[in-house]
Engineer: 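Take a look at the following structure, please.
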Amino acid sequence: MSVVGTGYLGAVHAACMASLGHEVIGLDVDEQKVRLLSSGKAPFHEPGFDELLKEQVDAGRLTFTTDPADVADCRVHFIGVGTPQTSDGDAADLTYVDAAITNLLPHLGPVDGRAPLIAGKSTVPVGTAQAIAERIAPTGALLAWNPEFLREGFAVQDTVSPDRIVYGLSKDEAVAAESKAILDEVYADLLAREIPLVVTDYATAELVKVAANAFLATKISFINAMSEIADATGADVTTLAEAIGHDDRIGKKFLRAGIGFGGGCLPKDIRAFMARAGELGLDDTLTFLREVDTINDRQRVRTVDAARTAVGGDLAGRTVAVLGAAFKPDSDDMRNSPALDIAKRVQDEGARVRVTDPAAGAVLRARGSEFDVVDSVEEAAQDADIVLLLTEWRQFREIDPVELKKVAPAATILDGRNALDPKRWRDAGWTYIGIGRP
Ligand code: UGA
């Protein structure tokens with residue numbers, strides 16, 4: 001099989017498929033990335049991925065190429081390219097998906113007498129799969145949509161042990177049956193472990209993905225709205241989340257209030273979903289997602305407001321330690337990172353900002369950061385007027401407040417992820433500020 005696009009999704013999918021015993025070729029236009037991956041080195045930080053990649057490359061099951069002709073013998077082609085937000089609107093940019101299909105088209109002949117299958121994994125607006133199916137029809141190739149639900153930081157685990165597998169198949173029964181048979185072979189190991197399989201049509205499969213991300217984003221913004229109410233009333237949003245989470249119908253997960261969601265998925269997916277609804281003539285249907293987005297942005301503003309208030313009303317000339325740059329822990333991904341955005345806003349108000357992040361710090365420095373990037377919490381916090389914990393890395397959650405106070409005598413911490421024990425920090429002499437916590 002081939003995996004077209006070797007970014008986060010594609011590279012992890014390729015290595016995981018190889019680990020299931022398949023022979024996999026990763027295809028990408030980025031020569032440098034292909035060289036790096038071919039040498040068994042991961043171009044991004046993801047726990048467990050380096051080892052898996054090296055193991056599969058060394059075993060000879062996993063190779064990478066920039067030449068589409070190299071994948072002509074593959075029976076399955078997974079599409080794992082990015083669908084970022086367009087630069088001039090909310091819609092998804094399908095340039096890379098279109099290019100992936102264009103590159104494959106000349107190489108889509110029968111393999112061992114059978115039509116090859118294209119299996120889309122990228123997150124796309126509903127209707128995309130049908131359009132691709134029509135494009136590839138003259139070659140005889142089949143199409144399925146097989147969305148991916150992996151989380152960064154848990155990407156390998158989520159790929160080999162997903163919560164569910166979704167097949168979006170053609171309405172043509174023969175095409176659907178053949179596509180399903182091929183996917184069943186690909187995922188035989190997972191299906192044997194009774195991982196739930198949902199078999200449906202293209203549109204539903206495409207929608208499952210964006211609906212899941214929209215629901216997750218809504219949960220986060222819901223609890224963040226509660227954090228505003230909690231701040232105004234002296235209530236504690238973490239206790240509120242715990243209490244409502246005991247209700248199975250609500251559940252505890254994704255109810256962590258804080259500086260909000262970021263990354264390469266949730267923000268752009270809810271916007272693309274709204275844009276697609278508009279194209280379908282359903283402008284009003286998803287307007288609540290606009291509010292989800294607005295609440296999310298407001299958390300960033302509120303965090304900066306809280307930091308400014310904590311240092312006496314003006315951030316200019318203040319020294320601010322920022323712990324965390326990645327959009328979440330165990331990742332070096334800074335796409336739409338709330339941590340980085342807040343750091344920038346604070347710096348724009350004239351503060352001296354020192355940033356540290358266990359994985360994203362090196363990336364930030366390599367790309368020529370506008371911030372002072374340092375290697376340790378102690379360096380960042382040295383004589384800081386305020387410490388902002390913005391990405392809840394384990395290293396930060398385990399900071400000893402007694403020790404840190406020795407380098408930061410102003411002893412003021414804003415816990416943007418409600419990741420610390422307020423009592424422990426206050427007992428150590430710190431002014432502790434949480435999000436929606438008294
Ligand atoms: C998300 C989805 O969770 C995956 O299922 C999906 O496959 C992926 O997008 C995708 O579309 O490819 P990911 O972007 O890796 O995964 O990150 P999440 O774990 O969803 O976290 C997103 C953001 O929400 C992070 O910034 C995180 O800090 C924030 N978050 C999460 C909260 O603020 N509160 C929470 O309770 C949970």
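From a predicted model like this one, the values you see are computed outputs, not experimental measurements. Atoms within a ligand are numbered from 1 in the order they appear, just like the ligands themselves.
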Engineer: Would you say the side chains of R302 and S227 form a donor-acceptor pair under 3.5 Å?
Structural biologist: yes

Engineer: Would you kindly say whether D415 and Y432 are connected by a side-chain donor-acceptor distance under 3.5 Å?
Structural biologist: yes

Engineer: Show the protein residues that qualify under the rule heavy atom under 4.0 Å from an atom of ligand 1, listing them in chain and number order.
Structural biologist: E148, F149, L150, R151, E152, K209, N213, L216, I220, F254, L255, R256, G260, F261, G262, C265, L266, D269, F327, K328, R417

Engineer: Side-chain donor-acceptor pair under 3.5 Å between T102 and R135, yes or no?
Structural biologist: yes

Engineer: Please determine whether a side-chain nitrogen of the Lys or Arg among R271 and D293 lies less than 4.0 Å from a carboxylate oxygen of the Asp or Glu.
Structural biologist: yes

Engineer: Quiz question: by atom type and distance under 3.5 Å, do the side chains of E379 and S376 form a donor-acceptor pair?
Structural biologist: yes

Engineer: Kindly write out the residues that satisfy side-chain hydrogen bond (donor to acceptor under 3.5 Å, both in side chains) with T356, not counting sequence neighbours, or none if the list is empty.
Structural biologist: none

